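All remarks here apply to the structure that follows.
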Amino acid sequence: MALDSRIPTGPIEQAWEKTKFDLKLVNPANKRKHTIIVVGSGLAGGAASATLGELGYNVKCFCFQDSPRRAHSIAAQGGINAAKNYQNDGDSIYRLFYDTVKGGDFRSREANVYRLAEISVKIIDQCVAQGVPFAREYGGSLTNRSFGGAQVSRTFYARGQTGQQLLLGAYQALERQVNAGTVEMLARTEMLDLIVIDGKARGIVARNLVTGEISTYIADAVVLATGGYGNVYYLSTNAKGSNVTASWRAHKRGALFANPCYTQIHPTCIPVSGDYQSKLTLMSESLRNDGRIWVPMNKGDKRKPEQIPEAERDYYLERRYPSFGNLVPRDVASRNAKAVCDEGRGVGPSGLGVYLDFADAIRRLGEQTIRERYGNLFDMYERITDENPYKVPMRIYPAIHYTMGGLWVDYHLQSTIPGLFVLGEANFSDHGANRLGASALMQGLSDGYFVIPYTIGNYLATNKLGKVEESNAEVRNAVACVNETISKLLSIKGKRTVDSFHRELGKIMWEYCGMSRTAEGLQKAIGQIRELRDDYWQNVTVPGAGADLNQSLEKAGRVADFLELGELMCIDALERNESCGGHFREEHQTPDGEAKRDDEHFSYVAAWGYRGPGNRPELTKEPLEFEYVHPSQRSYK
Amino acid sequence: MKLTLKIWRQTGRKDKGRFVSYAMDDVNAEMSMLECLDVLNESLIERGEEPVAFEHDCREGICGSCGFMINGIPHGPLPATTVCQLTMRHFKDGEELVIEPWRAAAFPAVKDLVVDRRSFDRIIAAGGYISVSTGNAPDGNAILVSKDTSDRAMDAAACIGCGACVAACPNASSALFTGAKIAHLSILPQGAPERDGRALNMVAQMNAEGFGGCTNIGECTGACPKEIQLEVIATMNRDFIRGSWKRRDQEVRTVKPMTEWSTGSKLKIDPHATS
Ligand SMILES: Cc1cc2nc3c(=O)[nH]c(=O)nc-3n(C[C@H](O)[C@H](O)[C@H](O)COP(=O)(O)OP(=O)(O)OC[C@H]3O[C@@H](n4cnc5c(N)ncnc54)[C@H](O)[C@@H]3O)c2cc1C
Ligand code: SF4
Ligand code: FES
């Protein structure tokens with residue numbers, strides 16, 4: 001299969017304007033005749049549903065929570081980037097573009113990234129107008145901070161709850177359209193399959209999570225904005241419900257899955273405390289602006305942090321990266337934390353932790369300033385660990401946080417199935433092999449508010465779509481597949497709970513396909529995942545019935561998909577015989593332990609096609625070209 | 001430590017429901033209340049029983065999914081803390097915890113600890129927004145907003161829509177929730193043009209949903225995990241009175257509360273309900 005990424009030609013600064021001009025428009029009177037399904041109500045899906053509704057389309061929006069306002073985007077803490085240059089510190093659209101391509105370790109598409117940087121400024125305007133209470137200066141203007149990996153202050157924030165406030169803005173815009181009758185909201189309704197007719201996406205099969213009813217929904221186009229798949233690791237910072245099911249089932253219907261092995265580990269999470277642990281809690285990386293990271297100089301130093309004198313502390317990031325210090329990108333910060341813990345210098349009961357110390361900042365700025373900046377994060381830390389971070393340094397450790405990989409999309413955000421568009425974290429598009437902090441919120445809103453409303457119009461205007469009857473063979477086939485999977489899961493009645501399988505899968509993934517990877521480890525993981533998957537279909541137990549609110553059944557379907565995705569991630573990680581961004585292959589590192597890319601052989605997007613159970617997936621490569629930002633070894637020294 | 005969990009079990013809205021006691025022998029003080037329920041559920045599943053249904057997602061106190069009564073207190077004994085962030089070290093060895101769902105007419109039962117809170121969405125749909133379609137916004141710094149004003153708006157906007165305020169209120173009023181959204185938007189200059197109509201419409205919908213009236217008892221703010229202050233209710237009342245006085249002839253529209261799950265939520269306008 002050849003991939004047409006529909007990247008516009010000509011100067012990158014004019015590419016999006018030109019594309020927009022060339023796109024065909026749908027006559028205003030015809031818009032309400034088009035039904036668009038949007039699966040997901042996070043920043044990407046919420047923004048898309050609201051905007052498409054405003055334009056007059058007939059929108060059906062789905063989410064699995066009881067309300068669209070609870071999508072996982074709500075949990076983002078730190079902020080959202082935009083190239084406003086309000087601080088006059090040298091930022092520009094070009095610089096944000098440059099930083100993002102470089103931060104992604106030269107594994108993203110230049111044209112997409114440029115568009116993202118260009119749109120970023122409009123997002124802030126839109127959100128302010130919606131009433132998002134961004135932080136402000138005393139004079140009344142918007143304030144900014146610098147955020148992981150950036151040397152300019154371009155991050156906008158609303159206390160430590162930026163995602164919440166941005167999502168509430170999108171949610172309120174969405175509810176306004178619900179009230180106007182353009183959007184129908186189907187909460188607690190989970191998409192379980194995609195309906196493809198004559199090669200085009202024409203609807204979904206979904207399960208009502210309260211009644212268990214399976215229904216089909218037909219549309220002219222389907223938009224997936226279903227978030228990331230970090231929960232394949234069981235323990236991650238993602239919400240418990242976050243899953244890959246919608247993307248995965250679309251993948252099985254023909255959508256290629258790109259760069260599945262690109263996952264991001266976040267350096268500042270609260271360390272694991274025990275086996276019962278259900279998820280990991282992120283401490284926003286904005287903390288790295290004022291906190292200093294260190295471990296004891298000596299192995300096995302069990303003294304309390306305050307008893308360790310300055311001379312016996314190793315501020316290893318400041319030492320190794322003098323110009324970026326504690327603000328190095330996430331992948332670099334995470335790997336260094338792992339390295340010092342592997343050396344036996346980790347802190348806390350498990351030895352898997354490093355200190356994030358605010359003593360200097362408190363001395364310099366006063367406790368009040370620190371409280372204003374991070375009060376709610378400090379409270380959250382104390383609530384969980386019972387330790388007061390104003391007095392003792394926080395303990396942090398890396399955790400799985402974000403997935404750069406996702407369904408392959410072209411410049412129009414359309415997948416390899418015509419009529420199926422993918423937005424937000426669910427697509428692979430803009431972050432390459434590593435995402436910069438505060439750029440996911442930007443991307444979700446860019447895709448939802450400002451890209452899809454244009455490109456989907458072009459699709460609808462240029463495709464003749466016939467009527468689809470419920471009796472259509474493809475519709476019935478999709479429903480039958482869904483029913484079959486559900487009854488199979490309920491009928492196994494084995495001995496092990498869904499969670500126990502999920503936890504085991506997570507361990508395999510973290511061990512072999514986590515922060516650092518080797519060919520040998522990945523091969524081992526593939527074998528173990530296959531065995532686990534076989535065992536799952538023999539031995540899992542799912543209590544209760546299909547026609548009821550059945551949370552075990554919901555989880556069982558999602559874990560079944562994770563068990564397939566995990567294998568694909570390992571295959572992709574094995575195939576990518578280089579290190580880049582978040583993908584660190586131990587075989588490929590510079591003498592001082594930095595990721596070493598191999599541009600000659602791996603400057604491409606790996607897009608995988610599904611070829612049936614047990615068959616090796618098919619790899620299609622989309623070559624990457626860099627006209628503006630020339631690949632160089634990333635250096636944060 | 002050892003704990004007894006006395007949990008409300010109810011298979012669905014038609015079932016009357018009952019308490020069932022579960023003895024937990026090995027509760028780790030570091031786990032959260034929800035992780036404690038996870039452990040119980042794993043053991044129930046292994047025994048072939050149905051696990052306790054409860055809502056949760058972020059487990060970081062921000063999505064508003066979780067929430068139930070512990071010994072009569074919404075979200076349990078720790079102030080400003082949702083059940084997902086409540087660690088077991090706040091309970092004593094040997095204690096019995098009585099766990100039950102939010103109880104309010106406007107939150108119909110779904111199963112065990114799960115209730116239907118879509119009434120909150122309908123209150124927001126009635127006017128909890130600023131009507132600015134994508135693409136219409138002026139530059140972010142075109143309208144200056146003092147830090148103080150923006151901070152007060154943020155305080156109100158911190159509501160997570162969990163419903164604890166309703167569960168705490170003897171009248172099952174949702175005044176704190178509705179007031180929080182009205183205050184957030186009406187404090188900001190961007191929200192000012194729609195202030196009057198917003199309050200009228202949201203209050204009318206709140207009444208249509210069957211929430212009780214507010215009699216200034218103040219239980220809501222005590223139970224609120226985000227410490228939303230009672231003054232938001234004063235703001236709501238002020239905007240409501242101002243709106244009623246200024247826009248006497250304006251029609252106020254409400255939608256029918258919907259309690260079924262089998263259809264979508266295309267709102268049905270209730271022609272008789274003007275308030
Ligand atoms: C703790 C945390 C903090 C973060 N902080 C930041 C930050 O400071 N800055 C930043 O830029 N990024 C941050 N991120 C990343 C960012 O929050 C996410 O990448 C982004 O919000 C994803 O948005 P989304 O709209 O793509 O998906 P989500 O918000 O995850 O929404 C997914 C939606 O899809 C629905 N859905 C999923 N599957 C189905 C299905 N099968 N059927 C029906 N509905 C379905 C869900 O119900 C939900 O509505 C953070 C992430 C985490 C975990
Ligand atoms: S006001 Fe407080 S208690 Fe009520 S819904 Fe909002 S956060 Fe929950
Ligand atoms: S689970 Fe999200 S607030 Fe508790």
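Proteins come first, then strands; the chains are lettered A, B, ... in the order of their sequence lines, and each starts at number 1. The basis for the numbers below is simple: all heavy atoms, side chains too, and nothing from hydrogens, waters or symmetry mates. These numbers come from a predicted model, not from an experiment.
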- Query: Can you say whether B:V110 sits under 4.5 Å from chain A via the side chain, the backbone, both, or neither, judging by heavy atoms?
  - Reply: side chain

- Message: Side chains of A:D548 and A:L553, heavy atoms from C-beta outward: is any pair under 4.5 Å?
- Response: no

- Message: Among A:R70, A:K279, A:K240, which residue has the highest count of heavy-atom pairs closer than 4.5 Å to chain B?
- Response: A:R70

- Task: Tell me, for A:Q126 versus chain B, whether the close heavy atoms (under 4.5 Å) come from the side chain, the backbone, both or neither.
- Result: both

- Query: Which one of A:D379, A:L174, A:D386 has the most heavy-atom pairs closer than 4.5 Å to chain B?
  - Reply: A:D386

- Let me know if B:D57 has heavy atoms under 4.5 Å from chain A in its side chain, its backbone, both or neither. both

- Message: Heavy-atom pairs under 4.5 Å with chain A: which of B:D116, B:T149, B:T134, B:L185 has the most?
- Response: B:T134

- Query: Quick check: does any side chain N or O of A:S552 sit under 3.5 Å from a backbone N or O of A:P543, one acting as donor and the other as acceptor?
  - Reply: no

- Item | Reported CD-to-CD1 distance for the pair B:E60 and A:I74, which is rounded to 0.5 angstrom | 11.5 Å

- Query: What part of B:V145 is in contact with chain A, defined as an atom under 4.5 angstrom from a non-hydrogen atom: side chain, backbone, both or neither?
  - Reply: both

- Quick one: of B:D151, B:D121, B:L188, who has the most non-hydrogen atom pairs under 4.5 Å with chain A? B:D121

- Side chain, backbone, both or neither of B:A80 within contact of chain A (heavy atoms, under 4.5 Å): backbone

- Show your reasoning for whether salt bridge (Lys or Arg N to Asp or Glu O under 4.0 Å) applies to B:E209 and B:R117. CA-CA 11 Å; B:E209 295 289 349; B:R117 290 172 290 191; over 6 Å; no

- Task: Report the distance from atom CD of A:Q172 to atom CG of A:L168, rounding to the nearest 0.5 Å.
- Result: 5.5 Å

- With a 4.5 angstrom heavy-atom cut-off, which part of B:T11 approaches chain A: side chain, backbone, both or neither? backbone

- Checking heavy atoms, do the side chain of B:N136, its backbone, both or neither come under 4.5 Å from chain A? backbone

- Derivation of the side chain to side chain contact (heavy atoms under 4.5 Å, CB included) call for A:N58 and A:E184: CA-CA 8 Å; A:N58 183 17; A:E184 181 181 1; over 6 Å; no

- Per-residue contact mode, B:L34 against chain A (heavy atom under 4.5 angstrom): neither

- Item | Which portion of A:T143 sits near chain B, non-hydrogen atoms under 4.5 angstrom | neither

- Query: Side chains of A:P68 and A:Y171: closer than 4.5 Å at any heavy-atom pair?
  - Reply: yes

- When only pairs under 4.5 Å are counted, which of B:S32, B:G127, B:A158 shares the most heavy-atom pairs with chain A? B:A158

- Query: Does the A:Q77 side chain pair with the main chain of A:L282, one donor and one acceptor, at a distance under 3.5 Å?
  - Reply: yes

- Note on the structure: Turns out that what part of A:L280 lies under 4.5 Å from chain B's heavy atoms comes down to backbone

- Note on the structure: Under 4.5 Å to a heavy atom of chain A? For B:D139 that would be both

- For this output row, return yes or no: ring centroids of A:F134 and A:Y157 closer than 6.0 angstrom. no

- Query: Given the options B:P189, B:P138, B:P51, B:G61, which has more heavy-atom pairs under 4.5 Å with chain A than any of the others?
  - Reply: B:P138

- Query: Considering only heavy atoms, which portion of B:V27 lies under 4.5 Å from any heavy atom of chain A: side chain, backbone, both, or neither?
  - Reply: neither

- So which part of B:D155 gets closer than 4.5 Å to some heavy atom of chain A, the side chain, the backbone, both or neither? both

- Note on the structure: Whatever's closer than 4.5 Å to a heavy atom in chain A on B:E35 counts as side chain

- Message: Does the structure place the NZ or CZ of A:R496 under 6.0 Å from the centre of the six-membered ring of A:F501, at an angle of no more than 45° from the ring's axis?
- Response: yes

- Task: Using non-hydrogen atoms and a 4.5 Å limit, figure out which bit of A:Q65 sits close to chain B: side chain, backbone, both or neither.
- Result: side chain

- salt_bridge(B:K147, A:E137) N-O dist < 4.0 Å: no

- Item | A:F450 side chain reached by A:L445 side chain, heavy atoms, under 4.5 Å | no

- Straight-line distance of B:L44 CG to B:E46 CD, nearest 0.5 Å: 9.5 Å

- Task: Among A:K493, A:Q177, A:R69, single out the residue with the greatest number of heavy-atom pairs under 4.5 Å to chain B.
- Result: A:R69

- Item | Heavy-atom contact with chain B under 4.5 Å, split by part of A:K84 | side chain

- Task: Heavy-atom pairs under 4.5 Å with chain A are the metric here; pick the option from B:E55, B:E49, B:E30, B:H184 that has the most.
- Result: B:E55

- Task: Examine whether an atom of B:T87 lies under 4.5 Å from a heavy atom of chain A, and if so say whether it belongs to the side chain, the backbone or both; otherwise answer neither.
- Result: side chain

- Of A:L549, A:I124, A:N550, the largest count of non-hydrogen pairs under 4.5 angstrom with chain B goes to A:L549

- Message: Between A:M380, A:K495, A:Q161, A:R159, who has the most heavy-atom pairs with chain B when the cutoff is under 4.5 Å?
- Response: A:R159

- Message: Assess whether a salt bridge exists between A:K555 and A:D499, defined as any Lys/Arg side-chain N lying under 4.0 Å from an Asp/Glu carboxylate O.
- Response: yes

- Message: As an exercise, state the distance from OH of B:Y129 to NZ of B:K181, rounded to the nearest 0.5 Å.
- Response: 13.0 Å

- Option in B:G12, B:A142, B:G191, B:A157 with maximal non-hydrogen atom pairs under 4.5 Å from chain A: B:A157

- Can you measure from CD (A:Q277) to CG (B:N28) and round to the nearest 0.5 angstrom? 10.0 Å

